[in-house]
Every structure is written in structure tokens, then in C-alpha cells.
Amino acid sequence: MSEKFFKKLPKVELHAHINGSISEDTMATLVARKQAVDQDWRLMYRKGESDTLEGVFKMFKLIHQITDNTDAVYKVTYDVIHEFAADNVKYLELRTTPRAEPGTGMTKTAYVEAVIQAIQDCALEDIDIIVRLILAIDRRHSVSVAMETVNLAAEYRKKTEGLVVGVDFSGDPSVGDGSDFIPVFEEARRHGLKLALHLAEVPAPDETWKLLQLPPDRIGHGTCLQPEVGGTQQLVDFVTAKRIPLELCLTSNIVGRTVPDYDNHHFLFWYDRRHPCIVCTDDKGVFSTTLSNEYSVAADTFNLSRDQVWQLSLDSIDHLFSDDEVKRKLRHKWGQLKDHVFADKHVS
Ligand SMILES: CNc1ncnc2c1ncn2[C@@H]1O[C@H](COP(=O)(O)O)[C@@H](O)[C@H]1O
Ligand SMILES: [Zn+2]
């Protein structure tokens, strides 16, 4: 299948961290604006440099040094939206952790407002993409910090008439016990926020089981649900019975080494069972990928036909956090684009 097919394919991106999605171009512009930053960042900012989850998290620290003010946060968000639009992503749920930076005076509220402003400005432009926001809770921080994030999400959900759609749970999976945050997620629910939780990114069957009882609306990764990789049959059965969609990020898991190679990625296990699988990038900047590339890798690795790839993309619409009207419009758009996407039969 040609690269052109994957690029032309209309796509839905449901798992993209804003600061992890920063492109090299944006990074270069922001570094040039700053004197204090280690100018060797380019050496680190390369795929393969961060070859473990630990390395990946070091990279986020570096990126956060560059995006420590509202102008930078605005620019990253704005650029990331344009980059996804150029890759034919028609609907995008961005997620980000509200961050205060005492050094520059940026508050969490100012951070969230900068992100929302960028999304709203893009919506006025002539680019064909719908963008929604998920606020992220970092598990390395306290439960009370998490509660603050839920309150911010609820407040801005109201103020923006639904642009903020949910809450994420992320951060270094080796830190803390995720089940401590259950009351926070229950509170988010009460505000009408959806839950997209990183679960079982590394083996953690007890924590995973407790968090599954919520249950989350979508699971990020779910790498270690199966018994062979540190999970349990009970976890697999529960996720299967509830049909909780999985956000699957192939390159992220390979570079972060939570999966040994593409052939052994858990995509196949779930896809073969006809479980809802959504192909996502996670951190397209840090992992030097695009959503088109992730679809291409999935198709190559698991021998998917063009029809299967199309269906995978179309079915993702079922699991996004916006209302049915948005879903209906997107399905209509897919219908309009299908002939165009399948036009060059000879290159398949
Ligand atoms: C690779 N797998 C992953 N596992 C867990 N959390 C991750 C992640 N990738 C990204 N993040 C979370 O997203 C933050 C960066 O974007 P924002 O500053 O929020 O926009 C990271 O600090 C981490 O908390
Ligand atoms: Zn993630």
C-alpha cells in the first residue's frame, strides 16, 4: 500500500499529548527565543535517543523548559493542530497537563486559556479539523492537584460550551498507585467529563483492576492486560465484556520499550477479537511519527487490507468524546471522501 493512501485517509486522533506532539520546527523556533536552555537539545531531540520510558520522560522535562510561558504554550498548540490537519486528521482530541511556572508567572489557568485560545483561533481558520481538549492528571502529583485539574476541566467545559470533553490520567506509570485517584475520577464523571486513562502501560494488575471498576470510557495503551505480559485473564475478560476502547500507540510502545517489537504489539490480540481499537500517535514529536505513519505500520505489520484500514479509521469515530451530531458529520465526511481515497487502485 502506498504512503499516499495513508496520508489521504481521513483520520481521527484521540490520544495526543500536546507537549509530546511538538514538532522539530516548533521546538527550534522556541529554543531560538530562549537563552537559558541547553542548546544541545537537538542531540537529544531525536528518535532513538529516548529508547526507554525513562528516556522519554527526560525528554518531556526538556520540552517543558521550552514551553514554560503562555506564548510558547499557545504556539505549540497552534502548530500541533496545523500539523495534524496537514496529515488529514479531521477530528483531534488533544490532551495536556495544566502547568504553573513560577519563573515566568504562568498559572494553570493561564496555561489552559492559552491552549483554548489556540484551539479557538484555529477553528476560525480555513483548516478542516475539529479539535477538543482533555485535561491531564499527572500521577506523579498529589490527589489534591488532580482535584484542581478536574475543577479546571469542569469550569472550562462550561465556559467553552463543551470544548473540554474529558480528563486523562498519565505520567510515569512506575510512580505511585493510580487507585488513589478514584475519587477524583468519580468527581470528573459528576461534571459530565469523560475518562481516558493510561492503564497497564506497564504491568500493574491490582491498580488496573481497581481503576477498571469506574469504568473508564477509553483506555490508553492497555499494554499489559494479558496474562502473558503481566496482566490477568480477569482484566482481559472485563475489558472485553465492557468493550472499553483501546487507544493503541505502536511506535510509542516500541521506542519506550514496553513492547519488544511491532510483531508482538498487543494490537493484534485485540483486533483479532474485534475489540474497539483506535490507532493513535501518543507523542508524535518525541517519537518522530505521524498518524498516517502509525496506520501504515499497523497495516504492514498485521497485513491489513485497504478496506480494513478504512474501517479502522471509520470505527474510531464511534469512540470520540463529542456528541452524536459531531459523529454524524464525520461519518458523512468519510462517506464523501471514500472514492477519492481509493482512487489510485494501481498503487495499492
Ligand atoms: C509515552 N507514554 C506516556 N505515558 C504516560 N504519560 C505520558 C506518556 N507520554 C506523554 N505523557 C504525559 O504527557 C506529558 C507531556 O505532555 P503535556 O505536558 O501534558 O502536554 C508528560 O509529562 C506525561 O505526563
Ligand atoms: Zn499517552
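Fair warning: this is a prediction, and the values are worked out from it, not measured in the lab. Both counts, for ligands and for their atoms, begin at 1 and track the order of listing.
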Trainee: Fit a plane to each ring of F185 and F169, take the angle between them on a 0 to 90° scale, and name the class: parallel (under 30°), tilted (30 to 60°) or perpendicular (over 60°).
Mentor: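 Taking F169 first and then F185, their aromatic rings stand perpendicular (interplane angle over 60°).
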
Trainee: Mind checking whether D283 has an N or O less than 3.5 Å away from an N or O of ligand 1?
Mentor: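 There is such a contact, yes.
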
Trainee: Which atoms from ligand 1 have a heavy atom of E201 less than 4.0 Å away?
Mentor: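 In order of numbering, the contacting atoms are 1 (C), 2 (N), 3 (C), 4 (N), 5 (C).
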
Trainee: Within the structure, is a non-hydrogen atom of H64 found at a distance of less than 4.0 Å from ligand 1?
Mentor: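 True for this residue.
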
Trainee: Are any of the N/O atoms in G171 less than 3.5 Å from those in ligand 1?
Mentor: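 For ligand 1, there is an N or O atom that lies under 3.5 Å from one belonging to G171.
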
Trainee: For E207 versus G176, what's the shortest heavy-atom pair and its separation?
Mentor: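 Heavy atoms of E207 and G176 come nearest at OE1-O, 3.9 Å.
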
Trainee: Would you mind reporting whether L133 and E93 have side-chain heavy atoms less than 4.5 Å apart?
Mentor: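 Of all side-chain heavy-atom pairs linking L133 with E93, none is under 4.5 Å.
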
Trainee: Under 4.0 Å from any heavy atom of I18, which atoms of ligand 1 are there?
Mentor: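 Within the 4.0 Å cut-off of I18, ligand 1 contributes 20 (O).
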
Trainee: For atom 15 (C) of ligand 1, grab the closest protein heavy atom and report residue, atom and distance to one decimal in Å.
Mentor: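 Looking at atom 15 (C) of ligand 1, the protein heavy atom closest to it is F60 CD2, 3.8 Å.
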
Trainee: F342 ring centre to K338 NZ or CZ under 6.0 Å, with the angle to the axis within 45°?
Mentor: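 The answer is yes, since K338 meets both limits relative to F342.
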
Trainee: Could you walk me through whether D68 and K34 pass salt bridge (charged side-chain N to carboxylate O under 4.0 Å, His left out), step by step?
Mentor: CA-CA 10 Å; D68 66 351; K34 263 187 139 27; 3.1 Å; yes

Trainee: Quick one: pull up NE2 in H141 and OG1 in T149 and give me the separation to the nearest 0.5 Å.
Mentor: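 Here the interatomic distance stands at 9.0 Å.
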
Trainee: Only heavy atoms of H17, strictly under 4.0 Å: list the atoms of ligand 1 that pass.
Mentor: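 Once the distances to H17 are compared, the set is 7 (C), 8 (C), 9 (N), 10 (C), 11 (N), 12 (C), 13 (O), 16 (O).
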
Trainee: Indicate yes or no for a side-chain donor-acceptor contact from H275 to the backbone of I244 under 3.5 Å, with no hydrogens or angles considered.
Mentor: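 At least one qualifying donor-acceptor pair exists.
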
Trainee: Report the part of D282 in contact with ligand 1, treating N, CA, C, O as backbone and CB onward as side chain, heavy atoms under 4.0 Å; options are side chain, backbone, both, neither.
Mentor: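 It is the side chain that gets close, since no backbone atom is under 4.0 Å.
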
Trainee: Compare all side-chain heavy atoms of F6 with those of E294 and state whether any distance is below 4.5 angstrom.
Mentor: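 Side chain of F6 against side chain of E294, heavy atoms only: no contact under 4.5 Å found.
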
Trainee: What is the closest protein heavy atom to atom 19 (O) of ligand 1, and at what distance does it sit?
Mentor: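 Going by distance alone, atom 19 (O) of ligand 1 is nearest to T97 OG1, 2.5 Å.
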
Trainee: Near N19, which atoms of ligand 1 are under 4.0 Å from a heavy atom of that residue?
Mentor: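 Close to N19: 16 (O), 17 (P), 18 (O), 20 (O).
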
Trainee: Polar-atom distance check: R99 versus ligand 1, any N or O pair below 3.5 Å?
Mentor: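 No; every N/O pair is 3.5 Å or more apart.
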
Trainee: Pair T281, E13 - check side-chain hydrogen bond (donor to acceptor under 3.5 Å, both in side chains), show working.
Mentor: CA-CA 8 Å; T281 54; E13 169 65 85; 2.7 Å; yes

Trainee: Ignoring waters, how many N, O or S atoms from the protein are under 2.8 Å from the Zn ion (ligand 2)?
Mentor: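 For the Zn ion (ligand 2), protein nitrogen, oxygen or sulfur atoms under 2.8 Å: 4.
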
Trainee: Among Y262, F269, F267, whose ring pair (Phe, Tyr, Trp, His ring centres under 6.0 Å) with F302 holds?
Mentor: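 Of all the options given, the one that passes is F267.
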
Trainee: Using distance alone, decide if ligand 1 has a nitrogen or oxygen within less than 3.5 Å of any nitrogen or oxygen in D172.
Mentor: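 No, no N or O pair falls under 3.5 Å.
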
Trainee: Is it possible for you to check whether R140 lies under 6.0 Å from the centre of the six-membered ring of F57, through NZ or CZ, and within 45° of that ring's axis?
Mentor: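 Judged by the rule (NZ or CZ under 6.0 Å from the ring centre, within 45° of its axis), R140 is not positioned above F57.
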
Trainee: Number the atoms of ligand 1 from 1 as they appear, then name those within less than 4.0 Å of a heavy atom of T96, with their elements.
Mentor: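 Close to T96: 17 (P), 19 (O), 20 (O).
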
Trainee: Taking side-chain contact (heavy atoms from CB on, under 4.5 Å) as the test, write out the residues that go with A188, two or more places apart.
Mentor: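 With sequence neighbours excluded, A188 shows a side-chain contact (heavy atoms from CB on, under 4.5 Å) to V150, V167, L193, L195, given in chain and number order.
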
Trainee: Nearest to atom 22 (O) of ligand 1, what protein heavy atom do you find, and at what distance?
Mentor: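 The protein heavy atom lying closest is R140 NH2, 3.4 Å.
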
Trainee: Within 45° of the six-membered ring axis of Y91 and under 6.0 Å from that ring's centre, is NZ or CZ of K329 located there?
Mentor: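 Not flagged: K329 not positioned over aromatic ring of Y91.
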
